[in-house]
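This report refers to the structure that appears directly beneath it.
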Amino acid sequence: MLDGKKVLYSGMQATGNLTIGNYFGALQNWVTLNEEYECFYGVMDLHSLTVRQNPTEFRQRARSLYALYVAAGLDPKKNCIYYQSHVSGHAELSWILNCFTYMGELNRMTQFKDKSARHADNINAGLYTYPVLMAADILLYQSDVVPVGADQKQHLEITRDIAERFNGIYGDVFTVPEPYIGKTGARIMSLQDATKKMSKSDENPNASIYLLDDLDAVLRKFKRAVTDSDNEIRYAEEKPGISNLIDIYSAATGKTVAEIEKEFDGKGYGDFKMAVGEAVVDVLRPLQERYNELLKDKEYINSCIKENDEKAQYFANKTLRKVQKKVGLTEKIR
Ligand code: TRP
């Protein structure tokens with residue numbers, strides 16, 4: 001596409017508050033990708049509708065996610081940061097792709113099984129076809145690569161299957177996306193149970209560090225982080241709590257594991273937890289400052305949204321028209 005760059009696509013749902021897991025695992029690494037790729041990042045608000053939302057809060061959250069993308073360093077002039085729901089092609093292509101996806105395939109999706117177990121009172125069809133909407137997101141922009149965490153790998157696989165099936169019938173319509181392999185972020189675990197991923201929706205507030213947490217609360221949560229009973233700062237499988245803190249410290253400071261082990265050789269857990277907390281606060285403080293400034297500057301954010309919505313719409317429409325034509329829908333009379 002533009003400048004002959006490959007296309008990279010990703011996004012986050014506008015549900016829950018982002019944690020340092022989202023930051024160190026994704027956002028922090030996205031900010032430099034625009035040098036190599038044409039990047040699209042969506043505020044995935046349509047996906048969020050699979051769970052009942054309070055409309056007012058939901059709108060604020062979506063706006064907050066947009067501002068966090070920018071505050072984290074994604075330049076809206078260099079990256080197309082837009083709202084999924086503002087580009088109608090997502091829903092339109094999703095319908096068409098639904099007709100090229102088998103129930104047997106969707107039945108195998110582990111996230112659907114997990115989510116329907118957790119939301120037994122609201123197993124709606126949207127939850128079931130969620131991966132098809134995700135396929136539409138990715139395929140609309142002829143994306144070459146998609147950075148996704150382990151929990152989304154299966155959805156990328158089904159996207160590839162759908163694209164290949166469609167191409168097999170109609171010729172090369174879609175680029176078949178690959179998982180992004182490159183510097184991927186750290187996998188940050190819960191501070192209360194380091195065998196579990198840090199989550200946006202943990203009931204225990206001490207388990208997750210939210211990007212918009214009060215900075216004193218951040219230090220407090222690190223002080224309370226669950227570790228083990230020996231007192232050695234060493235990266236090891238049998239020391240998940242300390243290893244997780246080392247990962248966080250490494251992500252926040254850029255230091256390697258070996259450097260960190262050396263730095264804290266002979267020191268106790270108390271000192272180390274304090275240092276990790278402070279390193280994270282050093283990352284969050286400027287991010288929160290930028291975020292608060294951005295939220296005040298309504299016009300700037302609005303202009304970014306408008307411009308990027310239009311850009312996304314342009315590329316989405318190109319693919320959508322092609323697909324409509326291929327499947328034999330009648331062209332509009334112009
Ligand atoms: N399902 C993804 C998540 O919850 C969000 C998402 C929606 C996404 N559409 C996407 C991610 C397309 C990458 C590409 O994390």
Side-chain angles (χ1 to χ4, degrees), residues 6-19 21-27 29-30 33 37-51 53 58 61-62 65-66 68-69 74 79-94 97-98 101 106 109-116 118-119 126-163 174-182 184-185 187-188 197-202 208 312 315-316 319:
K6 287 192 167 183
V7 178
L8 180 144
Y9 192 93
S10 201
M12 290 183 189
Q13 276 202 58
T15 355
N17 295 317
L18 296 197
T19 70
N22 303 112
Y23 182 77
F24 293 132
L27 266 179
N29 307 289
W30 290 357
L33 296 174
Y37 298 97
E38 188 65 39
C39 296
F40 290 84
Y41 298 107
V43 169
M44 298 308 185
D45 49 357
L46 293 175
H47 278 105
S48 303
L49 291 178
T50 51
V51 178
Q53 303 288 342
F58 180 35
R61 271 229 191 87
L65 178 60
Y66 196 100
L68 276 174
Y69 278 167
L74 284 182
N79 298 276
C80 186
I81 312 173
Y82 73 103
Y83 280 68
Q84 182 189 31
S85 65
H86 291 183
V87 179
S88 57
H90 288 258
E92 293 177 71
L93 181 60
S94 179
L97 297 183
N98 267 321
T101 307
L106 293 175
M109 294 293 120
T110 55
Q111 193 173 68
F112 172 68
K113 290 187 220 170
D114 292 348
K115 284 194 182 169
S116 30
R118 270 190 285 133
H119 304 279
L127 203 56
Y128 188 60
T129 59
Y130 181 112
V132 184
L133 178 57
M134 188 159 155
D137 301 336
I138 296 167
L139 300 179
L140 259 186
Y141 300 91
Q142 304 291 348
S143 310
D144 295 284
V145 289
V146 184
V148 284
D151 57 335
Q152 298 296 322
K153 284 258 157 68
Q154 205 183 22
H155 292 162
L156 187 58
E157 271 311 308
I158 198 175
T159 300
R160 290 170 52 85
D161 292 342
I162 296 169
F174 295 123
T175 301
V176 181
E178 305 276 343
Y180 171 76
I181 322 205
T184 47
R187 189 170 146 83
I188 307 296
K197 204 176 119 177
M198 185 179 284
S199 152
K200 291 198 253 188
S201 52
D202 207 301
S208 308
F315 289 106
T319 303

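In each ligand, atom 1 is the first atom listed, and ligand 1 is the first ligand listed.
Evaluation of the side chain to side chain donor-acceptor pair (under 3.5 Å) rule for Asp45 yields Ser85 as partners, not counting sequence neighbours. For Lys115, there are no salt bridge (Lys or Arg N to Asp or Glu O under 4.0 Å) partners, not counting sequence neighbours.
Although no hydrogens or angles enter the test, the distance criterion places no donor-acceptor pair under 3.5 Å between the side chain of Thr15 and the main chain of Ser48.
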Only pairs under 3.5 Å count here: list side-chain donor-acceptor contacts from residues 155-162, not counting sequence neighbours, and write none if there are none.
{"residue": "His155", "atom": "ND1", "partner": "Gln152", "partner atom": "OE1", "Å": "2.8"}
{"residue": "Thr159", "atom": "OG1", "partner": "His155", "partner atom": "O", "Å": "2.7"}
{"residue": "Arg160", "atom": "NH1", "partner": "Pro177", "partner atom": "O", "Å": "2.8"}

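In this structure, Ser143 and Phe40 have side chains that are not in contact, with every pair of non-hydrogen atoms separated by 4.5 Å or more.
At a cut-off of 3.5 Å, with distance as the only test, a side-chain donor of Gln154 or Thr110 sits close to an acceptor on the other residue.
The 4.0 Å heavy-atom shell around ligand 1 contains residues Tyr9, Ser10, Gly11, Gln13, Met44, His47, Tyr130, Met134, Asp137, Ile138, Val146, Val148, Gln152, ordered by chain and number.
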